[in-house]
Enquirer: 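Here it is, the structure, as structure tokens.
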Amino acid sequence: MKRLKKTYYIHTFGCQSNKSDSERVAGDYEARGYLEAKDWHSCDELIVNTCAIRQRAEDKARGFLHNVVVYFNQQGKRRPKIILTGCMTHHGNDKLYAMLPMVDEILPINEVGFNQAAIRKDSLTAEGKKHAWIPISAGCNSFCTYCIVPYSRGREQSRSFESIMEEVERLVAEGYSEVSLLGQNVNSWGLEKVGIGFRKLMMERKDFTRDDLPENQSQYLTPEGTPPFVKLLQAISAYPQIEKIRFLTSNPWDFHDELIAEIGKNKKIDRFVHLPVQSGSNAVLYRMNRGYTRERYVEVVNKLRAVDPDITIGTDIIVGFAGETDAEFQETVQLAQEMDWKVGFVAIYSPRPGTASWRIYPDDIPHSVKKKRWEVLDQIINKDNLSIRPKIV
Ligand code: 5AD
Ligand code: SF4
């Protein structure tokens with residue numbers, strides 16, 4: 001019997017942004033009349049959505065592709081059309097070049113756009129509420145020295161207010177009551193035109209606060225006294241049907257007082273805030289080009305807890321960053337003891353080809369030391385929830 005409809009299958013690696021992108025890729029395929037296959041063994045087109053954040057992530061994608069190709073060779077069957085998308089598709093990635101013989105097409109994720117409604121799976125929460133991920137920006141302008149994201153996802157681009165609100169409206173009509181806003185740095189939503197300049201200023205003066213901004217630039221930051229992201233949170237909360245809003249990720253360098261005040265007032269905003277610190281050592285933070293100090297981080301957390309003692313904080317930390325001395329690592333250990341983070345995603349530094357730290361600093365901490373440091377921090381931060389702790393080695 002002749003099959004009428006072609007089928008697709010998406011295999012997704014990596015973070016929530018990738019999962020959300022895959023929902024839009026699915027929307028695009030279904031709008032073109034494709035049906036979802038039940039697995040990759042039986043589809044006409046296989047889309048592999050890749051992650052490049054650490055070496056391991058790239059190895060996984062390559063391993064998967066290899067398995068797919070071997071499977072079809074062994075079965076003597078024609079393999080599906082293989083389409084590679086996600087963070088490994090940026091130019092200059094050696095791993096990508098090695099995979100090209102197995103790939104039929106490259107799909108840069110920014111070409112997917114927002115024209116088709118996302119197909120959301122797994123959207124029911126444990127309490128039976130409908131929850132949706134909503135991308136509010138793409139790319140990143142922060143250029144932390146270790147991070148591939150500004151290269152793999154390009155410059156920061158905010159999705160328009162209208163486009164986000166249209167999606168919220170549709171979701172509300174479909175009975176959704178919880179949303180999570182996604183961006184590499186949600187705080188700077190709507191501000192990318194001035195963001196790089198601010199960050200540069202912050203780097204030049206390590207004790208910088210927003211009160212130090214020149215008059216004309218602070219006007220940019222708060223055109224009517226409110227950062228655009230705070231306005232977006234207010235607009236979404238105005239829907240009575242929306243019960244809970246989460247956002248990730250937030251960067252400490254521009255976690256402004258107005259945002260803290262809004263979180264304090266607006267109880268629809270989740271009481272869990274994810275705020276990556278990356279290191280407790282100012283010297284390491286500087287080498288990472290993070291744009292804030294340990295003291296500034298602690299100040300933001302204290303202010304958050306002051307507006308609502310029920311707020312809990314999660315974090316990301318990198319251990320074994322280039323040149324991280326024992327004394328520098330101990331500063332992170334001490335911070336972890338003080339901060340009472342609810343959860344910590346501790347990662348072992350993995351130099352990413354093309355990034356600034358890969359170019360400038362030798363990866364000089366032996367893997368055994370990195371691993372030991374990982375265990376020490378994981379024990380301190382995640383000791384109460386070892387069963388659910390994230391494993392990111
Ligand atoms: N090596 C290890 N961890 C990294 N992260 C980002 N880049 C790297 C890298 N090169 C971690 C950071 C970030 C999280 C998403 O992944 O902690 O917050
Ligand atoms: Fe962007 Fe920095 Fe986050 Fe990397 S760690 S994605 S550069 S904000």
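In listed order, ligands and their atoms are each counted from 1. None of these values were measured; they are calculated from a predicted model.
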Enquirer: Please state whether I148 comes within less than 4.0 angstrom of ligand 1, counting heavy atoms only.
Expert: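 No, I148 has no heavy atoms under 4.0 Å from ligand 1.
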Enquirer: Any N or O of Y349 that comes nearer than 3.5 Å to an N or O of ligand 1?
Expert: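 No - when backbone and side-chain N and O of Y349 are compared with those of ligand 1, no distance drops under 3.5 Å.
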Enquirer: Should the pair K6 and Y34 be classed as cation-pi, given the thresholds of under 6.0 Å to the six-membered ring centre and 45° from the axis?
Expert: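 No; the conditions do not both hold, so K6 does not lie above the ring face of Y34.
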Enquirer: Below the 3.5 angstrom mark, is there an N/O of Y146, backbone or side chain, next to an N/O of ligand 1?
Expert: yes
Enquirer: Please find the pair of heavy atoms, one from Y9 and one from A37, that lie closest to each other, and give the distance.
Expert: CD1-O, 3.3 Å
Enquirer: One residue to check: I348. Relative to ligand 1, which of side chain, backbone, both or neither has a non-hydrogen atom less than 4.0 Å away?
Expert: backbone
Enquirer: Which ligand 1 atoms does I53 reach within 4.0 Å, using its non-hydrogen atoms?
Expert: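 Those of ligand 1 that fall under 4.0 Å from I53 are 5 (N), 6 (C), 7 (N), 8 (C), 9 (C), 10 (N), 16 (O).
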Enquirer: Does R24 count as lying over the ring of F114, i.e. NZ or CZ under 6.0 Å from the six-ring centre, within 45 degrees of the axis?
Expert: yes
Enquirer: Less than 6.0 angstrom from the centroid, inside 45 degrees of the normal: does R32 satisfy that with respect to the ring of Y29?
Expert: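 The answer is yes; both the distance and angle limits are met.
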Enquirer: Which salt bridge (charged side-chain N to carboxylate O under 4.0 Å, His left out) pairs, counting each pair once, include a residue from residues 321-337, with sequence neighbours left out?
Expert: R287-E328, E324-R373, D326-R373
Enquirer: Provide the number and element of each atom of ligand 1 under 4.0 Å from a heavy atom of A347.
Expert: 3 (N)
Enquirer: For ligand 1, which atoms, with element, lie under 4.0 Å from some heavy atom of Q278?
Expert: 12 (C), 13 (C), 17 (O), 18 (O)
